[in-house]
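Per chain, numbering begins at 1; letters A, B, ... match sequence-line order.
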Amino acid sequence: MAEQAGPVRVRYAPSPTGVTHIGGARTALFNYLFARHHQGAFLLRIEDTDRARLQPGSEAQIKEGLTWIGLHWDEPPIVQSEHLPRYRAAAEQLLSSGAAYRCFCTPERLEQMRAEQRARKEPERYDRRCAAIPPEESDRRALAGERFVIRQRMPAQGTTTLHDLIMGTVEFRNDTLDDHVLLKSDGYPTYHLAFAVDDHDSRISHVIRGDGWLPSAPKHLLLFQAFGWEPPAFAHLPLVHGPDHKPLAKRHGARNILEYRDAGYLPEAVVNFIAFLGWSPGTTQDLFTMPELIDAFTIERVQPSPAVANLERLDWLNGQFIRRLPDDDLARRLSPWLPQASPDQIRPLVPLVKERLQTLAQAPDLLAFFFGEPAPLPADAVKDRPAMRQRIEAAVRRLEEAPAWSEVELESRLRATADALQIKHGDFFMALRIALTGRRVTPPLIPSMVQLGRDRVLAILRQRLTELAAG
RNA sequence: GGCCCGUUCGUCUAGUUGGCCCAGGACGCCGCCCUCUCAAGGCGGAAAUCAGCGGUUCGAAUCCGCUACGGGCUACCA
């Protein structure tokens, strides 16, 4: 595969018609990793030439999503709607060279034409009725105010060959190519025109995009040729599928990438997760930081087959990354999830939950008993009230005498208490756990008691005794 | 319909210069250990006739052909 001369420059070019989902984020990430791996530039381009489908907050959402997963663009984003004269001039250039022509066909005629082609079971393509209009007549009608689009004139024969970095060599017969529209009658370019002009003007070296574009790649190659420009290298990424093996759509994972943030996922984990969708390093390492990804990423190792997003793996990855976070860092990230607690209050609790969290969102529930009242005693847990009371009373007596409130001290006193009661340590700990938190699943009991503090622990236990006596 | 892409455990994949692969790793699942619950961690296990068929070859997941299945594109959308 011939390497492009000059610096590596790539771009992620979303259209602001929605949000960035997993698939889009992956396209962006692969572009970013490729750029950084080659010390190149990563650009952002907003493809807003479809005014009908434009969505107001979309651009901001896209930028926020990219920023969240740590993809920073190196130059101010290019916004296509701001460059209309440039596209028009480019189209004019093609017009005068004969590589494109004005088409005056109405939408109605085109629809009728297609209906007839369908009926005859022919490929639905523009029939090139306007291709033969002499330039003078074309100019005259345009001047007279007749509405038109500009279409690219495809070669009648021969083949166009694409050397794709992922898909390999793909050959297309030119006579199967449609004379697609380059400039719409509203003066806006279509994707094809804007793509070629912008990628050329931005000196893009590699186009890494979804493989939905593969069928139009030959037209793009021809378009570069018509302009007399050196085309970029191409890499078409296979789609990301949902669990049902259908392309990712609203019905499953096609959620805004930011929803993963809101669900308590770490951007590190999300990045690691999407990096492995269709790519692998070829080693057994499965946890990568961004710098490691940049170092390991090569486009040749991207799979040509679509990947199914396996969200269970994301959960596992998230837990792994949480555990690798320094405690101070985890405390900081937990802070928004525990608005009732100050950073100083959160920090000492981090070691209690660090190994138990799969997402940050689980922290509030796990730590609830530290803030506010403990949950009511579960009904099934107090079936044997006398036993429960006995255990709590014994614990209170021992704890009141504790000279120090440390893990070592509490552990030895509690174990001694269990021995005195002649019950299994585990059973005794469980009784205390339920008394203290109202739950059977909590962070480890003794460290939790230490954090809760002597006064609070004794207060809760006495309160429970009162409840048990009353109820 | 036409053009194009794809097909290794449930999932992500290793494998790509044919033999070291009766196919390796990870998630998930199951079991055991550790253990105050839950996790985490450790150890082990089940799980892929490499889509099918036919070639080439001493030898194929790896090369070739056909078929099947899945998917994309086929707009004055990107």
**Request:** Could you check how far OH of Tyr126(A) sits from P of C76(B), rounded to whole Å?
**Result:** 11 Å
**Message:** Rounded to whole Å, how long is the line connecting atom CD of Glu108(A) with atom P of A75(B)?
**Reply:** 16 Å
Sugar-phosphate, base or nothing in reach of [X], heavy atoms under 4.0 Å:
X	value
Arg114(A)	sugar-phosphate
Leu445(A)	base
Ser185(A)	base
Ser280(A)	sugar-phosphate

**Asked** When you compare U67(B) with U7(B), how far apart are their C1' atoms, in angstrom units rounded to a whole number?
**Response** 13 Å
**Asked** When you compare G19(B) with U13(B), how far apart are their P atoms, in angstrom units rounded to a whole number?
**Response** 23 Å
**Request:** Scan every strand shown for a Watson-Crick or G-U wobble partner of A61(B), both distances under 3.5 Å, and answer none if you come up empty.
**Result:** none
**Item:** For C3(B), the Watson-Crick or wobble partner whose two distances fall under 3.5 Å
**Value:** G72(B)
**Prompt:** Considering only side-chain heavy atoms of Glu355(A), which listed nucleotide, A78(B), A40(B), G71(B), is closest?
**Reply:** A40(B)
**Prompt:** By a strict heavy-atom criterion of less than 4.0 Å, which residues belonging to residues 427-437 of chain A are in contact with RNA chain B?
**Reply:** Phe429(A), Met430(A), Arg433(A)
